[in-house]
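One structure below.
Letters A, B, ... mirror the listed sequences (proteins, then strands); counts begin at 1. Both backbone and side-chain heavy atoms feed into the values below; hydrogens, waters and symmetry mates do not.
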Amino acid sequence: MFKYFPHTKDDIELMLKELNISSIDELFHSVPKEVLLDKEYEIASSMSEQEVRAYFKALSEENQELVIFSGLGLYDHYTPSVIDAITSRQEFLTSYTPYQPEVSQGTLQYIFEYQSMIQTLTGMDVSNASMYDGTTAAAEACFMACSIAKRNKILISSTLNPNTIQVIKTYLKFKGHEYEIVPAKNGVLDREALEAYLDKDTAGLIVQSPNFFGLIEHYDGLADLLHETKAVLIQSSDISTLGVLKSPGENGADIACGDCQSLGMPLAFGGPTIGYLATLKKHVRKMPGRICGYTTDSSGRRSFVLTLQAREQHIRRAKANSNICSNQSLLVLYSTVYLSIMGKQGIKDVNLRSYQNAHYLYDRLLKTKKFFDPFQQPFLKEFTLETTISHDLIKEALWKEGIFGGFSLAQFSDDYENLINFAVTEKRTKEEIEKLLSVLEGLS
Amino acid sequence: MKYDTLVFELSKSGRIGYSLAKEQYPQYSLNDISEYLRTDELLLPEISELDCVRHFTNISQKNFGVESGFYPLGSCTMKYNPKINEEIAKSYSFTKLHPYQPVTTVQGALRLYYELQQTLAKISGLSEFTLNSYAGAHGELVGLMIMKQYHLQRKDFKRNKVIIPDSAHGTNPASVTVSGMEVIEIESNELGMVDLDALRAVLSDEIAGMMLTNPNTLGIFEKDICDITRLVHEAGGLMYYDGANLNAMLGKVRPGDMGFDIMHINLHKTFSTPHGGGGPGSGPVGVKDFLTDYLPNPVVKKLDDYYYIANEKDAIGQISGYFGNFLVEARAYSYILNLGKENLKWVGPYSVLNANYIREKLRNDYVLPIQDYCMHEVVFDGLVDNPNEIRTLDVAKRLLDYGMHAPTIYFPLLFHQSIMIEPTETESLQTIDQFIETMKTIAEEAKTEPETLRQAPLNTPISRTDEVFAAKQMIFTYKDYLEYIRNEG
């Protein structure tokens with residue numbers, strides 16, 4: 001007997017009798033004998049609940065929680081307590097994709113609300129609810145661009161997060177599309193260089209702002225430049241920053257994508273998060289993933305359903321634009337609750353405080369004369385400095401004080417040899433910031 | 001009066017629902033970067049905390065979850081999602097780790113990853129897994145990339161075609177296309193299984209491999225599996241196992257032993273992690289030893305008792321930001337440790353017993369298109385006695401009225417009125433008997449009260465919806481909705 005198996009001996013006997021067989025094994029008669037498992041799994045013995053707890057506690061103790069002063073795509077923002085209470089409700093947690101709208105209005109409604117929030121943040125018309133993370137959302141955005149422009153080549157700004165670049169490259173390479181990396185100048189997209197890369201095969205350009213270094217990029221006139229050659233502009237952004245920064249829509253982008261982790265989601269060693277993907281209505285049929293739409297029921301009541309399903313794999317099979325089947329629903333809910341509770345003012349306040357904390361640290365670090373800003377560009381909550389102090393020394397010294405920050409970018413590119421990254425969210429206290437400063441001021 | 005409010009409709013300018021610490025450095029202002037700031041107004045709600053909690057509680061009550069009642073959704077393995085898994089995922093340090101932290105400070109997380117991938121390898125009869133893939137379809141894509149990479153590395157450039165039975169899930173052919181290969185679909189035989197002659201006819205030196213779900217999407221075991229894998233291997237192809245239906249195989253058969261080289265597992269099906277309304281899932285990909293070099297980066301490795309992160313040069317590349325849906329992985333590992341080898345082996349047999357019991361008890365009321373025993377799910381093809389031409393859709397909708405979730409309908413595509421029922425091993429005989437009784441009642445209603453069925457559901461938060469309207473009007477956001485109401489009103 002086991003707690004998740006309700007069958008008693010009597011139950012099993014009764015069921016076998018109904019089936020007119022003497023053992024469950026008979027139900028497996030079509031399995032060839034040579035592949036039937038004739039031994040036990042070589043895995044651990046069953047643990048009681050108490051033992052499971054102890055096991056994970058021990059695992060947990062092999063980790064060390066640090067005060068986070070780095071970002072690179074994952075940000076340690078404050079999480080309102082209501083989110084866990086709501087996302088733990090079994091009605092949301094244990095249900096499946098809302099195929100039966102009559103018993104899934106909860107899920108469908110919050111997807112509609114999420115789509116509305118992504119719409120206003122990105123300035124696009126329509127959002128899906130299906131992307132695994134920001135990197136795969138960017139890859140899907142590139143596929144969309146190729147499909148919209150009916151061309152084969154994607155230009156990738158070198159200031160994208162290297163993880164995003166890697167994932168885009170993998171997806172494009174296997175699908176048989178081409179790509180080129182557009183270089184940066186002073187830490188931001190090099191507009192002059194870009195013009196040399198644009199040609200009649202260019203389906204689109206993907207840019208990121210704030211970019212990998214944390215810098216805010218200026219896109220005035222960029223969309224026009226691309227549209228002149230009938231190419232598509234894709235803007236990738238950390239969603240939280242769009243609460244204050246110019247939206248992809250205001251920049252004239254055709255597709256917006258990125259990660260929603262910054263909406264208070266736990267760092268969780270990188271996942272789960274959710275990617276957002278939004279576009280203009282004229283491109284909606286090229287967009288992968290689940291989309292929810294408003295309708296009415298047979299009594300005229302306001303209702304929501306999954307719609308435009310003819311785009312999707314379960315209908316189009318090999319001809320679908322994407323193989324996406326998930327809708328990353330629980331994290332759609334997470335994002336929706338976060339944006340509901342923080343609201344119009346809270347999303348600005350979070351950005352303001354992060355901005356203040358980051359800029360204070362930035363100024364103090366420059367004053368040490370041990371750190372320099374190689375770029376001199378505006379930033380929000382994340383910035384990159386140059387230092388000749390050994391990166392390992394910085395890492396070790398901060399770690400001793402329980403801090404993770406000043407992360408070395410050297411591992412991503414030889415060009416980034418002396419660069420280190422800082423991100424400071426609204427969560428970081430004065431005391432934590434001073435502690436970090438005192439450690440770094442003591443190094444040479 | 002049923003709750004019918006959008007979160008935006010609760011909003012009042014100036015209201016807040018959050019509390020943040022005071023500004024620490026007010027000398028800095030966003031005005032310093034004013035030329036980079038948005039000018040478009042944000043249409044976000046302004047609500048109190050109670051209004052927020054009440055709103056989501058109210059809409060949650062319009063949902064049906066595994067804990068609301070029986071959820072026999074075929075092909076989705078809606079088993080119970082144990083509470084201990086949730087506790088594990090939320091407690092301790094796992095939620096607080098940044099993947100770029102010093103490796104010495106994430107040894108527990110890396111050990112969890114490593115042990116889980118090794119455990120999945122033992123359960124599957126394969127050599128090594130990546131946990132980086134986020135979902136089943138993502139796993140398929142990654143598995144196919146590995147298949148393609150294997151042939152490319154051997155300079156066998158013409159192998160670009162993947163064989164898929166016509167009964168496969170839609171994700172299979174879609175994944176093949178996204179991986180840059182071509183689909184060759186083969187027709188199933190009259191028993192719903194792979195037709196060996198049809199398979200032989202398409203084998204050539206252009207075949208990269210074959211994707212197969214076993215038990216297949218009709219819920220039956222491919223009895224010729226050893227011949228299938230042998231034939232494909234002889235032709236130089238690799239075998240991909242779609243783990244969608246792995247639940248039935250636990251304790252009985254390992255995919256590696258059947259001759260599969262690559263597979264994915266849906267942790268959110270077989271290993272009990274919650275479906276979350278459609279995600280986040282997790283789709284680890286496992287391979288035999290000759291393919292381990294191609295697994296995606298980053299890779300978690302072990303040297304003595306030390307765990308580290310590597311990026312390998314022959315890997316297909318990176319397919320995710322970091323280490324997949326780590327907290328989902330933690331839940332699955334908790335489930336496996338809790339069950340252990342003594343209990344995990346009963347998952348398959350009990351799920352198969354439940355499905356066959358339903359099959360036997362409903363065969364006089366619903367058409368049984370396949371005569372052999374089923375595995376973990378049973379497919380019917382509409383009603384036996386159906387003078388009023390009641391459709392499968394009507395039966396499914398009526399089940400909702402009786403407090404049960406509908407099975408999967410109109411899939412598999414091989415039949416016209418498919419009803420696919422997957423009870424899972426976590427359902428008791430009482431629940432299953434209740435379901436059987438309800439299905440019989442509905443079969444009776446189909447004869448005596450056909451209109452009730454055509455109108456069903458009658459007791460749910462809403463009734464049947466107008467899907468044509470939704471597709472035509474394309475109202476995807478609150479902004480669209482306000483415009484629509486303005487124009488209508």
Any side-chain donor near an acceptor of the partner, Glu140(B) and Ser175(B), under 3.5 Å: yes
Residue, of Gln455(B), Met375(B), Gln27(B), that accumulates the most heavy atom pairs under 4.5 Å with chain A: Met375(B)
Side chain / backbone / both / neither for Ile336(B) at chain A, heavy atoms under 4.5 Å: side chain
Contacting region of Phe112(A) [heavy-atom separation from chain B under 4.5 Å]: both
Chain B contact via Pro80(A) - side chain, backbone, both or neither, heavy atoms under 4.5 Å: neither
Side chain, backbone, both or neither of Ile86(A) within contact of chain B (heavy atoms, under 4.5 Å): side chain
Residue among Val178(B), Asp257(B), Asn343(B) with most heavy-atom pairs under 4.5 Å to chain A: Asn343(B)
Contacting moiety of Asn354(B), where chain A heavy atoms sit under 4.5 Å: both
Chain B interface, residue from Lys169(A), His29(A), Gln90(A) that has the most non-hydrogen pairs under 4.5 Å: Gln90(A)
Segment of Met145(B) engaging chain A (4.5 angstrom heavy-atom cut-off): both
Which portion of Ala471(B) sits near chain A, non-hydrogen atoms under 4.5 angstrom: both
Whether Phe326(B) and Phe94(B) hold their rings parallel, tilted or perpendicular, with breakpoints at 30° and 60°: tilted
Proximal component of Ser116(A), with respect to chain B [non-hydrogen, under 4.5 Å]: both
Chain B contacts, top residue of Leu339(A), Val35(A), Leu330(A), Thr120(A) (heavy-atom pairs, under 4.5 Å): Thr120(A)
Enclosure of Lys90(B) NZ (heavy-atom neighbours >12, cutoff 6.0 Å): yes
Contact class of Tyr96(A) relative to chain B, heavy atoms under 4.5 angstrom: both
Top of Lys319(A), Gln345(A), Met342(A), Arg290(A) for chain B proximity - count of heavy-atom pairs under 4.5 angstrom: Met342(A)
Region of Leu121(A) in contact with chain B, defined by heavy-atom distances below 4.5 Å: both
Chain A contact via Thr57(B) - which portion, at a heavy-atom distance below 4.5 Å: both
Heavy-atom contact with chain A under 4.5 Å, split by part of Ser68(B): both
Interchain contact, Leu400(B) with chain A, by part (heavy-atom threshold 4.5 Å): side chain
Heavy-atom pairs under 4.5 Å with chain B, option from Val337(A), Leu93(A), Leu36(A), Thr97(A) with the top count: Leu93(A)
Nearest heavy atoms of Thr171(B) and Cys325(A), plus distance in Å: CG2-CB, 3.7 Å
Aromatic ring pairing His138(B)/Tyr134(B), orientation class (parallel under 30°, perpendicular over 60°, tilted between): parallel
Pick from Leu19(A), Val126(A), Ile68(A) with the largest number of heavy-atom pairs that fall under 4.5 Å of chain B: Leu19(A)
Interface residue of largest heavy-atom contact number with chain A, from Gln318(B), His275(B), Glu425(B), under 4.5 Å: Gln318(B)
Region of Phe404(A) that comes under 4.5 Å of a non-hydrogen atom in chain B: side chain
Side-chain donor/acceptor of Asn63(B) to backbone N/O of Gly106(A), under 3.5 Å: yes
Top of Ala330(B), Pro296(B), Gly136(B), Ser29(B) for chain A proximity - count of heavy-atom pairs under 4.5 angstrom: Ser29(B)
Heavy-atom pair of closest approach, residues Glu91(A) and Ser95(A): O-OG, 3.0 Å
Which atoms of Tyr80(B) approach chain A - backbone, side chain, both or neither, heavy atom under 4.5 Å: side chain
Portion of Ile216(A) that has a non-hydrogen atom of chain B nearer than 4.5 angstrom: both
Side-chain donor/acceptor of Tyr41(A) to backbone N/O of Gly251(B), under 3.5 Å: yes
Region of Tyr171(A) that comes under 4.5 Å of a non-hydrogen atom in chain B: both
Minimum side-chain heavy-atom gap Met117(A)-Ser340(A) below 4.5 Å: yes
Contact leader toward chain A among Thr119(B), Leu112(B), Ile225(B), Val183(B), where contacts are heavy-atom pairs under 4.5 Å: Leu112(B)
Which atoms of Thr39(B) approach chain A - backbone, side chain, both or neither, heavy atom under 4.5 Å: both
Gln115(A) side chain to Gln119(A) side chain, donor-acceptor N/O pair below 3.5 angstrom: no
Residue Arg316(A) versus chain B: region with a heavy atom under 4.5 Å: neither
Glu67(B), part contacting chain A, at a heavy-atom distance under 4.5 Å: both
Contacts of type side chain to side chain contact (heavy atoms under 4.5 Å, CB included), residue Glu23(B), not counting sequence neighbours: Leu352(A), Arg353(A), Gln356(A), Pro26(B)
Residue part contacting chain A, namely of Ile316(B), when any heavy atom lies under 4.5 Å: both
Whether Glu18(A) side chain and Tyr357(B) backbone form a donor-acceptor pair below 3.5 Å: no
Donor-acceptor contact present, side-chain Ser60(A) to main-chain Tyr92(B), <3.5 Å: no
Chain B contacts, top residue of Ala320(A), Ser299(A), Ala44(A) (heavy-atom pairs, under 4.5 Å): Ala44(A)
Chain B contact via Leu333(A) - which portion, at a heavy-atom distance below 4.5 Å: side chain
Parallel, tilted or perpendicular: ring planes of Tyr322(B) versus Tyr100(B), cut at 30 and 60 degrees: perpendicular
Under 4.5 Å from a heavy atom of chain A, the part of Ile88(B) involved: side chain
Tyr478(B), part contacting chain A, at a heavy-atom distance under 4.5 Å: both
Ser45(A)/Glu342(B) under side chain to side chain donor-acceptor pair (under 3.5 Å): CA gap, chis, key distance, verdict: CA-CA 7 Å; Ser45(A) 261; Glu342(B) 300 85 349; 2.6 Å; yes
Residue pair Phe476(B) / Lys281(A), side-chain heavy-atom distance below 4.5 Å: yes
Ring centroid separation Tyr71(B) to Phe64(B) under 6.0 Å: yes
Aromatic ring pairing Phe92(A)/Tyr110(A), orientation class (parallel under 30°, perpendicular over 60°, tilted between): perpendicular
Contacting moiety of Lys57(A), where chain B heavy atoms sit under 4.5 Å: both
Interface moiety of Glu46(B) toward chain A, non-hydrogen atoms closer than 4.5 Å: side chain
Polar side chain donor-acceptor pair, Asp466(B) to Thr296(A), under 3.5 angstrom: no
Proximity breakdown for Val284(A) and chain B, heavy-atom pairs closer than 4.5 Å: side chain
Under 3.5 Å: donor-acceptor pair, side chain of Arg254(B), backbone of Lys122(B): yes
Which atoms of Thr273(A) approach chain B - backbone, side chain, both or neither, heavy atom under 4.5 Å: backbone
